[in-house]
Structure formats: C-alpha cells, structure tokens
Protein chains: 4
Amino acid sequence: MSAESPSGKASARTKRADAVRNQQALLSAAAEVFVTSGVDAPIRQIAAKAGVGMGTIYRHFPTRADLVTAVYRHQIEACAEAGPSLLAGADSPLEALRQWIDLFVDFLVTKHGLADALQSDSSRFAALHTYFLDRLEPVCAQLLGAAVDAGDIRPGTQPYELMRGIGNLCIGRDSDPRYDPRRLIELLLQGLRQPPPA
Amino acid sequence: MSAESPSGKASARTKRADAVRNQQALLSAAAEVFVTSGVDAPIRQIAAKAGVGMGTIYRHFPTRADLVTAVYRHQIEACAEAGPSLLAGADSPLEALRQWIDLFVDFLVTKHGLADALQSDSSRFAALHTYFLDRLEPVCAQLLGAAVDAGDIRPGTQPYELMRGIGNLCIGRDSDPRYDPRRLIELLLQGLRQPPPA
Amino acid sequence: MSAESPSGKASARTKRADAVRNQQALLSAAAEVFVTSGVDAPIRQIAAKAGVGMGTIYRHFPTRADLVTAVYRHQIEACAEAGPSLLAGADSPLEALRQWIDLFVDFLVTKHGLADALQSDSSRFAALHTYFLDRLEPVCAQLLGAAVDAGDIRPGTQPYELMRGIGNLCIGRDSDPRYDPRRLIELLLQGLRQPPPA
Amino acid sequence: MSAESPSGKASARTKRADAVRNQQALLSAAAEVFVTSGVDAPIRQIAAKAGVGMGTIYRHFPTRADLVTAVYRHQIEACAEAGPSLLAGADSPLEALRQWIDLFVDFLVTKHGLADALQSDSSRFAALHTYFLDRLEPVCAQLLGAAVDAGDIRPGTQPYELMRGIGNLCIGRDSDPRYDPRRLIELLLQGLRQPPPA
DNA sequence: AATGAATGAGAGTTCATTCAT
DNA sequence: TATGAATGAACTCTCATTCAT
C-alpha cells in the first residue's frame, strides 16, 4: 500500500481498521452479554464488555434489533446454508430434517437469549424477526416439503409454525434440569411421521 | 335490638365488602393489562385501569407475584379440579389427557400473559411458578400415568416437561395468525402414542 | 338537648370512656414507638401498637406535635414541679441545680427521640418546643438565679442556652458506648462554678 | 438589554459542562441544600439546585454518603492538618486545643447540616462518620494529651466524647439567636481546667 | 366515634438516548 | 469517529392524610 499523503490516507485507513475491529469486539461482547443477561441487557454493559463507548454502539447499530440481528447473522447464515447440504447428504429427507432441526436447536439453546427475542412481541425485535424468517423459512420449507414428498411425514404442517414451535420449546431451557426441549421436539417429529398404513 | 355484637363488627364487615369489590376490580384490570402489556406492566397502569390508587394494589398484593398469582388462581384451580372428572368421564385415558390439555391450553392462551410469566426466570414469579406446579403437576401426572398404564401412550415423558412444553408452545400465540399452538400440541400427542405393534 | 333517649346518654358515656381508654393506649404506644423508631415513626406503627385505627390518632391528636407533646407532658410537668422542691431541700442552690439537671437528663435520655425532636428545626415540632420551654425555662431560670445569687456559679448564663445545650448533649446518646452525655454535662457544671477568689 | 429574543425556550440549558465543573457545582449545591434541608434532602432538590440531572449525581456520588463525605472532605482535611501546627505555634497546649476547637466549631456551624449528619444514627452516614473520626480523632487526641501532659487540664476526657459533645452542641445553632454553642463550649473548656491546688 | 381502605405526592433508582468534546 | 457525561422519563415503593362505612 502506497501512501503519498501519509497523514490523510493513513488516518483514514486507521479509522477504518478501528471501526472494523470495534464492530467485531462489539459483536463478541454482545453475544456474551446476551447469554448472561438476555437480549435486553443494558447498552452500558455491552459497551463495557467490548471496551468501547456507548456512542460507538449506536453508531454501528442504531437500534437494538440491528445489534441483535448482527450478532446472530453468522449463525443464521450457517444454519440456512446447512439445509441443502443436509438434504443432499442424508439417508432420507426426514433424516435431513431431523439433522437440520438439531442444528437449529443447537443454535437457539446456545445463544439462549435468542429464543426469547424471537417470540418477543415487542416491535423492537421486528427486524430480527423478519431477517430470521426470510432466511430460514424457505430452508425449512424445502426440507419439510422433501420429507412430505418422500412420504416420510404427513403433509399439512407449515414451516413457519414448525419453526415457531421449536423456537418456543427452546425458551427457558436452562431454568430447570428436568426440562429438555430436545425430548419434546423428538416427540413432535414422531408426531409428524406418516401413520403406518393400516 | 338483638345486636349483641357491637356495631364495630358490622362496620368492619361493610368495609370488607368494599375491599372485596376493589380486589375484584384489580384482578380484572390486571388480567386485562397483563394481556396487552405483559405481567411486567407498570403498577400505575394497572391501578389506572382499575380506577384505584397505586397504594391499593400494594395493600392487596404486596408483591407482584401475589398479584399475578391471584389473577390466575381461579383458572388454575378449575384446571386442577377438572383432571379427575375428565379421567372418570372420558372414553379412554388418552382422551381424558387430550381434553385436559385442551383446557390447559384454553387457559394459557386466554390469559396469555401467563405463559410468559410462567417461563420467566425472574425470581419475582417464583411464587406463581411454585403454586402453578404444585397444583397442576400432580393432576397432569395422574392423567399421564393412566394413559401409560392403559397402553395408550409410550412411557418416559415427565409431567413437568410436558407442561413446560405446552406452556412454551402457547407463548406469543397471537402475534401471527399462521401460528396455532394447538396444531403443534396435537402433533406432540401423536408423537406420544404407542407405536402400533409390528 | 334533652336526654329523652337514655341510650343517647349511655352511648355518650360509653364513648367517653372509650375515648379516654384510647387516649391512654395511644400515649403508651406512642411513647414506646418513639423510643424504638424516633418521633418520626409512621403513624401506622403507633396505631398498630395501640390497637386502634389511624383515624383515632388524628381525632385525638390532629398534628404530630400534639401527640409528641401529649406523650411527654407528664414528664415535663414532673420535671417542672421538681424544681422548687429541690431548691428547698438541697444543701445549696448549686446542688439543687445539679439534681434538677440530673432529672432533666434522665428524662431526655430515657425518651430518646425527644432530644432530637426538641432540636428539630422542623415547624412540625414547634408546639412541643414552645410548651417545653414555657414550662421549664422559668424553673431553670429560678435554679440558675439562686445559684448565682448564692455565689456558687458565675453569672451570665441564660437558662434557654443551658437547656438547649444539655438537650443537645443528650442527642444520640446510645449510638456509641463511648459517649456519655452526663460526663460532659458535669464538665459544663464545673465550668459554671465561680472561679475561686484570687 | 438584549432580551428581545424569545428566551422562553431555554435552548441553552448547558447540558454538557466539564465533569469537574459539574462536580463542583454539585458539591456547592449540596452544601447549600444540606444547610436548608438537612443531609437527607431529596436528590432531586440537589440536582435542581446544581442545574444538573439526577443521574449526574448518581454518576459522581453513587451513594448519599459519598456525596456528604465529598462535600465536607476539604474542611475535614483542613481541620485535621491544623492540629499539629497549632500545637507547635500556640503559647500552651491548652491554648492550642482551644484554637483547634474554634476551628472545629467554625467548620461545624458554617456547614451546619454536618453536625446533624454526624449524629445521625442512620447507617447511610456510616461512611462519613468513619471518615470523620478516623481523620480527626487522632488530632484531637494529640492536643488533648498534650494539654493533660502540660497539667493544663484534668485527665480522663476521651477525644471521641469531647468531639461528639462539641458536635452536638453545634446542632441547630441558628434556630434561635439566644443559643450560641461557643459560650457553652467555653464553659466545657473551663470545666476541663485543672482545679486549682487547694 | 372509630376504623382502616384508599389516595397520591414524593423519594430513590435505572438506563436508553443524546450530544459536547 | 469515538467517548462517556448528562439528561430525564419511567418505574417501584412508602406513608401522611382523608373519608366512606
């Protein structure tokens, strides 16, 4: 990189690098804080964890939904991209669906403020909600459709409803050791299976 | 006059009647507000809706949990009492379980701040949580056990987990018309059914 | 009004007796509560201790100062009346003054919210203040004057100032065992003594 | 006169001032308010007087004790530092003690909410209390000890008691012009003097 | 006359958001 | 651009005082 005007360009570059670094720090910090304090955690707390000022958060993420969305974007992407691969590689469409739901649940219970955020009716999270569904609903639809087409499961279940249901089942997962969302989700899948021919 | 009891007592009784009326107003108002603003709604809002001062709420319900518990106590009781009757009257234990879950869901989606409150990890709702479980878990256990004993459903599902799951599925029921918790719960029940002998 | 209806009279009498009894209960209760919670104790607390309603307190003692004054009136009277007797019976006017101050201090430290109330600039206690001074200042003045006249103590000290000073020294008496107002008051008295003729 | 502009809209509500300047404003305001309303004055009142928001007070002084301590710290320091100098410069230890007490009283009556705060049994002021004593008791002890050693005053008086006594005498100084704590303190000092040999 | 339920002003405290530096 | 000080609305809770019974 050549810099004829060292001060001007260098400072611009420096700032850019700073900004990127800040954004990364913020995302990591927010992810951590969301886990311990939920997605409604005080901005201060996130800023402190990231080692930046509060204003910096507002610059990068004007609304809370922007931040939450950004925090989970990578995982949402990964989850979305896994759909087709699983469908291609699994023994059966149902097996692919099961594996995808496993990923989905991993994601939700790992970042455990998320399930709460997703069901929150607060308009604050509308953007997250939208992004989440726009990206994942088609993937879920594809898997679900394939399983139906293969005759593995009965038709009639909508991807939106299934995703909401799984998401809801993941809420408050760790408040009591007696509650394990995966067991219930397994029951759901059992319920989806085509009743055997008489 | 035959009033052996001093008038002091009579007047005390009268005041009580007022207080009772106020309590009712409060319970109705709180139930309404919980629906629109959640169980964390500001005390002022509830007081305003009930047409009473804030202090009146504190008098009747010293803590928020007291209020929430009181709001839902009647329904919890009704639900608890329905269990044995349904078991006695239904065609099969599974049918009884299904009907009881219907009642349970009716309850949760009608007073829909409740599902939120129940899963809230906030210690503020510990009392409600405890009351809820103490009262309903045994009922659910009985129905579940009977269905297992009759061979209608597979064993291994705990009443606590089932209730939590159903409760979670009822969260945010009306944020989107595409989501109907009952359909998912029906799937859960399907999943619980004993796989037919080979 | 003619007392045609006996019940009218009877009830009036009954109420009077009740009122007197209530007043006594209130004074005792207030005295106790003042000791533990200060003269600013919540009205509720006093009412509860006395076993009466709050309204009853307001009926008997419209302002807090009225109650405080009433609570301490007996002791103020006793203290006031002791002055002349002590002067008549003691070995010297200084000794009488010392004994009277002892009584005064007993009074203040026994009812330990009192010293605080007396110095409180809050107008709430103006009535108490006034009553207190009206009654005791002349007594103190008499004792002080006699001691001065006898040549026991130097002239120049005003009874108001001496009483305020002693009252202040009694404040917070029991917050620390290292603090004993009597030792300081004894020093004050030493300081009042006529310096020995050269 | 330039007041033609519609100054009704206070756009120049100097929102952001230097933090240090704000602290100073806060300390001055608090000192003033403590004088008129006592050290228990509402936070809002102090904030209003300082022209800042309430949050600013919490930022600078998280607890009330922090604020009270800060308000009086400078004077406490000055008083503490004066002790040794006075002892070195005065004609006699007793004279040094007298001068130090003069300073001490100046301090208390100038910032006269302080005497109240010091005797307050509320645990809220424990920090102030502790700081006050930690800093001044040793100074008072030194002066007192020197005066005893020099034979100027009788032994047996503890610095804690003397300071509490003087502090108490300064309470409510200006509620009545007839009351002057200095006259009583002078009597105390007189009382401390060694009784002349028989 | 007595009661105590009801009222609501007022105090403490938190935190999202703005904006001077 | 980044910072974090400042603001103030919003919330909880307490208690003096009133007033219907």
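Per chain, numbering begins at 1; letters A, B, ... match sequence-line order.
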What integer distance in Å separates Tyr58(B):OH from dT12(F):C1'? 4 Å
Quick one, Tyr72(D) with Leu67(D), criterion side chain to side chain contact (heavy atoms under 4.5 Å, CB included). Give me CA distance, side-chain angles, the key distance, then yes/no. CA-CA 9 Å; Tyr72(D) 297 122; Leu67(D) 176 57; over 6 Å; no
Report the distance from atom CG of Asp18(B) to atom P of dA6(E), rounded to the nearest whole Å. 7 Å
Using the closest heavy atom to pick a nucleotide of DNA chain F for each, name whichever of Arg21(B) or Arg64(B) lands nearer the 5' end. Arg64(B)
Of Gly55(A) and His60(D), the one whose closest DNA chain F nucleotide lies more 5': Gly55(A)
Which pair of heavy atoms, one from Ala41(A) and one from Val33(A), lies closest together, and at what distance? CB-CG1, 3.4 Å
Comparing Asn22(C) and Gln23(B) on DNA chain E - which has the more 5′ nearest nucleotide: Asn22(C)
Can you pull out every salt bridge (charged side-chain N to carboxylate O under 4.0 Å, His left out) where at least one residue sits in residues 60-76 of chain A? Sequence neighbours excluded, please. none
Would you say Thr130(D)'s side chain and Ala126(D)'s backbone share a donor-acceptor pair under 3.5 angstrom? yes
For atom CZ of Phe61(C) and atom P of dA1(E), their distance in whole Å: 14 Å
Over all atoms of both residues, closest heavy-atom pair of Leu26(B) and Ile57(B): CD2-CG1, 3.3 Å
Whole angstrom value for the distance that separates C1' of dT17(E) from CG of Leu67(A): 15 Å
My understanding is that a pair needs two contacts under 3.5 Å, Watson-Crick or G-U wobble. By that rule, which nucleotide pairs with dA20(F)? dT3(E)
Tell me the interatomic distance from Gln24(D), atom CD, to dA6(F), atom P, rounded to whole angstroms. 12 Å
Can you sort out which residues in residues 40-54 of chain A have a heavy atom within less than 4.0 Å of DNA chain E? Ascending by number, please. Pro42(A), Ile43(A), Arg44(A), Met54(A)
N/O donor-acceptor pair under 3.5 Å between Ser28(A) side chain and Gln24(A) backbone: yes
Once you round it to whole Å, what is the distance between C1' of dT18(F) and CZ of Arg59(C)? 13 Å
State the pairing partner of dA9(E); accept Watson-Crick or G-U wobble contacts with both distances under 3.5 Å, and report none otherwise. dT14(F)
Could you report the tightest heavy-atom contact between Phe34(B) and Val39(B), atom names first, then the distance? CD2-CA, 3.7 Å
